[in-house]
There are 2 protein chains.
Amino acid sequence: MTDPDTLGPRQLGVYFALMESVSMLQHAVEQQLRVEGDISYVQFQLLARLVAANSQLTMTQLADGVVYSRSGLTYQASLLEKAGLLTRASSPDDERATLVGITDAGSTLVGRVLPGHIQVTRRLLFEPLSDGDLKRLEDIMTRVRDHMRALPPRSAGPRRRRAGPAPGVQSGPRDHEP
Amino acid sequence: MTDPDTLGPRQLGVYFALMESVSMLQHAVEQQLRVEGDISYVQFQLLARLVAANSQLTMTQLADGVVYSRSGLTYQASLLEKAGLLTRASSPDDERATLVGITDAGSTLVGRVLPGHIQVTRRLLFEPLSDGDLKRLEDIMTRVRDHMRALPPRSAGPRRRRAGPAPGVQSGPRDHEP
DNA sequence: TATTGTTATACTCTATAACTATA
DNA sequence: TATAGTTATAGAGTATAACAATA
């Protein structure tokens, strides 16, 4: 029972509705942030996290859940630093660590962009939901998130490259594999 | 009442839980598709849609909901065509239109990749949900999706560029503005 | 030796604008 | 004139690997 290779029609419906809804929401939110603050959603998340923390964070702390590679964060942080929205300084406690703090300009930007951000989520996501829906959705999605956070980070073996039939779907020749 | 610039704590919780959950789910799914089929999620969606349609689709039909620019679809379609996963031919009915069809290799790839895809969503998303949760979530997210689909496509004025205080957060000089 | 973060590099993907061809 | 699609181009973003410095 419950074939692991199959989803019931209800599960399929949930999966597609969820992915499509969030895709549209992400797209709308990205646009709003770009128009009103000239930042991406990732950049907004980083700044918002610093505002919420109300203190400096290390790069590792800042990355958690927002970005999936160290270099990705360094890239974004250096852009935001260049734009004067945050500061970086090496930690006195641990000279390896970098402490990231938000600047006044950074806080101001978050404050300027947040109302529009909220309006978009309200209009797209919350408008059709009753208080009961909201309560149920909170219960469910909180549970899902905590479940996902707790999962082991999917396999440890080598990735990429696989002996499948298809020749691979990439643009160029792509034959370097260092 | 209900200040449009504010979200209640429950709404904030829903918003964050939803965005973070789907972000993790997307990441996991992208990895699985890359490892098992060497395709991206967008590419998977395009192929899956062709399988589901069980007939040829025009580029416009195929794009709907998956991709937000015409050229983006042309790009992906040309990759998939090059990889032998789909075909393109101009429509006899309307010579402007391109009919896209899936190849045997394309169908095979979807079939090969789908079980793992389902296992990932099952493990990450559905594992912690009861039948009741599932029913409620379907009801809610279907409503949200239909609501979003029905919304007018957010403003028509010119976009990008804005006279905000921040100097903008980009990498290079970026001073060409055609 | 393990951990924190940065850099170099390569590549994927997306979007805008200009263009072609058909309706 | 409007619509379907492609092409050229630019640049944003991401990930891997090699690296440096500190614990």
Side-chain angles (χ1 to χ4, degrees), chain A residues 23 26-27 30-31 33-35 38-43 45-46 57-64 66-83 88-100 158-161 168-178, chain B residues 23 26-27 30-31 33-35 38-43 45-46 57-64 66-83 88-100 158-161 168-178:
Chain A
S23 166
Q26 283 173 338
H27 196 253
E30 290 261 357
Q31 283 220 143
L33 291 172
R34 184 59 66 189
V35 169
D38 205 19
I39 53 174
S40 69
Y41 184 60
V42 167
Q43 289 161 356
Q45 284 181 94
L46 296 174
L57 296 176
T58 66
M59 293 291 278
T60 299
Q61 291 170 331
L62 187 55
D64 176 53
V66 176
V67 146
Y68 297 93
S69 76
R70 299 165 102 59
S71 63
L73 179 57
T74 297
Y75 171 75
Q76 293 296 347
S78 69
L79 289 186
L80 292 169
E81 188 181 36
K82 216 176 299 177
R88 283 188 291 180
S90 72
S91 165
D93 302 340
D94 182 341
E95 292 273 332
R96 292 171 305 181
T98 297
L99 287 180
V100 185
R159 55 190 52 156
R160 294 284 162 110
R161 265 354 32 188
V169 183
Q170 269 84 30
S171 12
R174 196 195 191 304
D175 21 13
H176 51 96
E177 198 83 17
Chain B
S23 166
Q26 283 173 338
H27 196 252
E30 290 262 356
Q31 283 220 144
L33 291 173
R34 183 59 64 189
V35 169
D38 204 19
I39 53 173
S40 68
Y41 183 60
V42 167
Q43 289 161 356
Q45 284 181 95
L46 296 174
L57 296 176
T58 66
M59 294 290 278
T60 300
Q61 290 169 334
L62 187 56
D64 176 53
V66 175
V67 147
Y68 296 94
S69 75
R70 296 165 103 59
S71 63
L73 178 57
T74 297
Y75 172 74
Q76 293 297 344
S78 69
L79 289 184
L80 292 169
E81 188 181 36
K82 216 176 299 176
R88 283 187 292 179
S90 71
S91 165
D93 302 339
D94 182 340
E95 291 273 331
R96 293 172 305 181
T98 297
L99 287 180
V100 185
R159 53 191 51 154
R160 294 284 161 108
R161 251 25 2 207
V169 183
Q170 269 84 32
S171 12
R174 196 194 191 304
D175 20 15
H176 51 97
E177 198 82 18

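Throughout, protein chains are lettered first and strands after them, A, B, ... in sequence-line order, and every chain is numbered starting at 1. In this text the structure is predicted, and so the values were computed from the model without any measurement.
One can place CD of A:Gln61 at 8 Å from P of C:dG5, the figure rounded to the nearest angstrom. The distance between atom CG of B:Leu79 and atom C1' of D:dT6, rounded to the nearest whole Å, is 14 Å. The distance between atom OH of B:Tyr75 and atom C1' of D:dA10, rounded to the nearest whole Å, is 14 Å. Whole-Å rounding puts the B:Leu73 CG to C:dT14 C1' distance at 12 Å. To the nearest angstrom, P of D:dT14 lies 18 Å from OH of B:Tyr41. When the C1' atom of D:dA15 is taken as reference, atom CD of A:Gln76 falls 13 Å away, rounded to whole Å. Atom CG of B:Asp64 is separated from atom P of D:dG5 by 12 Å (rounded to the nearest Å). Taking atom NZ of residue B:Lys82 and atom P of nucleotide C:dT12, one finds them 10 Å apart after rounding to whole Å.
Applying the side-chain hydrogen bond (donor to acceptor under 3.5 Å, both in side chains) criterion to A:Glu81, with sequence neighbours excluded, gives A:Arg88.
Backbone-only engagement by A:Gln43 is indicated by non-hydrogen atom pairs under 4.0 Å involving sugar-phosphate atoms exclusively. Residue A:Thr74 is classed as a base contact, given a heavy-atom separation below 4.0 Å to a base. Looking at heavy-atom distances under 4.0 Å, A:Thr58 makes contact with sugar-phosphate atoms alone, never a base. Residue A:Val67 is out of contact with every strand shown, counting any heavy-atom pair closer than 4.0 Å.
For the pair B:Thr58/B:Thr98, no side-chain contact is recorded, criterion being any heavy-atom separation below 4.5 Å from C-beta on. Side-chain contact between B:Leu62 and B:Leu46: present, with at least one pair of heavy atoms (C-beta onward) separated by less than 4.5 Å. Residues B:Leu99 and B:Leu57 form no side-chain contact, since every pair of their non-hydrogen atoms from C-beta on lies 4.5 Å or further apart. The side-chain heavy atoms of A:Gln26 and A:Tyr41, taken from C-beta on, include no pair separated by under 4.5 Å. Within the 4.5 Å cutoff, side-chain heavy atoms of B:Met59 are placed close to those of B:Thr74.
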So which protein nitrogen or oxygen atoms get under 3.5 Å of nucleotides 20-23 of chain D's nitrogens or oxygens?
from	atom 1	to	atom 2	distance (Å)
D:dA23	OP1	A:Glu95	N	3.0

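In this structure, the nucleotide among C:dT4, D:dT6, D:dG13 sitting nearest to the side chain of A:Thr60 is C:dT4.
Regarding contacts with the backbone of C:dT7, every side-chain N or O of A:Arg70 stays at 4.0 angstrom or more from both OP1 and OP2. Contact annotation: B:Ser40 side-chain N/O to C:dC13 OP1/OP2 distance is under 4.0 Å. Note on A:Arg34: a side-chain N or O is less than 4.0 Å away from OP1 or OP2 of D:dG13. Contact check, B:Ser78 against D:dT6: no side-chain N or O comes under 4.0 Å of OP1 or OP2.
A donor-acceptor contact under 3.5 Å is formed by the side chain of A:Ser71 with the base of D:dT16.
Side-chain N/O atoms of B:Ser69 and B:Tyr75 include no donor and acceptor closer than 3.5 Å.
Looking only at distances, no side-chain donor or acceptor of A:Gln76 sits under 3.5 Å from a matching main-chain atom of A:Leu73.
Along DNA chain D, the nucleotide nearest B:Ala97 and the nucleotide nearest A:Ser69 are compared for position; the residue whose nucleotide lies closer to the 5' end is B:Ala97.
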